[in-house]
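Read the structure below first, then the notes.
These numbers were taken from a predicted model, which means no experiment stands behind them. Throughout, numbering of the chain's residues begins at 1 and tracks the sequence.
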Amino acid sequence: MTQRFEVHPTHPQPRLLKQAAAVLKEGGLLALPTDACYVLACRLDDRAAVDRMRALRGLDEKHLLTLLCRDLKELATYAQVDNRQYRFLRDWTPGAYTFILPATKEVPRRLWHPSRKTVGLRVPDHPVILGLLAEHGEPVLGTSLILPGEDEPISDPDDAMAKLARRVDVVVDAGAQGFEPTTVIDMTGDAPQVTRVGRGPIDRMT
């Protein structure tokens, strides 16, 4: 049965965040609000939960999932970041951006891009997921909540409950969210390259 945790969007109740973190630690799959759209999320090192996530989204092993981190320091634990990249990330986090970077050994190899050894990472700017990450104590693995055959993410928690009943363990309801996933920026080359325009504005790059 799918549980629904109704949290305040700007001042989430610590009791509910603690309960959601406990479900994560037990191998649960959650639907969470972010500064871009709702996402599916699970524990980084839980292979069974990751398989559930990929099956629900209809994603193969080549599709990069994203590590959602509390801050830039945590992000740098899971990605190889030089001084130039760090300065760029410092200016663009937190926010609705996913960055493609070379993965460190802290990231399980099965989550790397199979040929590029890269991983997607982001630092969201939303009190609910940041509070959950703080309670959980480590990054979570996530992907936009876009179901197979649909073009836009689920944005309403009522829709999430209806479409995900018995398919996820918890829907963390912080009200309606946006329809756009993150903007994706590939940082593996000589200069950052936008590979998907989404919620995060890119006017500063032009």
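The side chain to side chain donor-acceptor pair (under 3.5 Å) contacts involving residues 159-180 comprise Arg4-Asp173, Arg52-Asp169, Glu150-Lys163, where partners must be two or more places apart or lie in separate chains. Pairs passing the side chain to side chain donor-acceptor pair (under 3.5 Å) check and including a residue from residues 79-93, sequence neighbours excluded, do not occur. Every pair passing side chain to side chain donor-acceptor pair (under 3.5 Å) that includes a residue from residues 61-71 is listed here, sequence neighbours excluded: Arg70-Glu74. Among pairs with a residue in residues 13-32, those fulfilling side chain to side chain donor-acceptor pair (under 3.5 Å) read Lys25-His136, at least two apart in sequence or across chains. Sorted by first then second residue, the salt bridge (Lys or Arg N to Asp or Glu O under 4.0 Å) pairs that include residues 120-140, not counting sequence neighbours, are Asp35-Arg122.
Under the side-chain contact (heavy atoms from CB on, under 4.5 Å) criterion, Ala76 pairs with no residue, sequence neighbours left out. Looking at residues two or more places apart in sequence or on another chain, you find a salt bridge (Lys or Arg N to Asp or Glu O under 4.0 Å) between Asp45 and Arg43. The side chain to side chain donor-acceptor pair (under 3.5 Å) test applied to Ser155 returns no partner, not counting sequence neighbours. Contacts of Pro108 classified as side-chain contact (heavy atoms from CB on, under 4.5 Å), with partners at least two apart in sequence or in another chain: Leu44, Arg110, Leu111. In this structure Thr183 satisfies the side-chain contact (heavy atoms from CB on, under 4.5 Å) test together with Tyr97, Ile185, Val194, Ile202, sequence neighbours excluded. Applying the salt bridge (Lys or Arg N to Asp or Glu O under 4.0 Å) test to Arg196 and every residue at least two apart in sequence or in another chain returns nothing. Residues satisfying the side-chain contact (heavy atoms from CB on, under 4.5 Å) criterion with Leu75, sequence neighbours excluded, are Cys69, Leu72, Ala79, Val81, Leu89, Leu101, Leu121, Val123.
Looking at Thr143, its side chain never comes within 3.5 Å of a backbone N or O of Leu65 through a donor-acceptor pair. A donor-acceptor pair is defined here as one N or O able to donate and one able to accept, closer than 3.5 Å; no such pair exists between the side chain of Ser144 and the backbone of Ile146.
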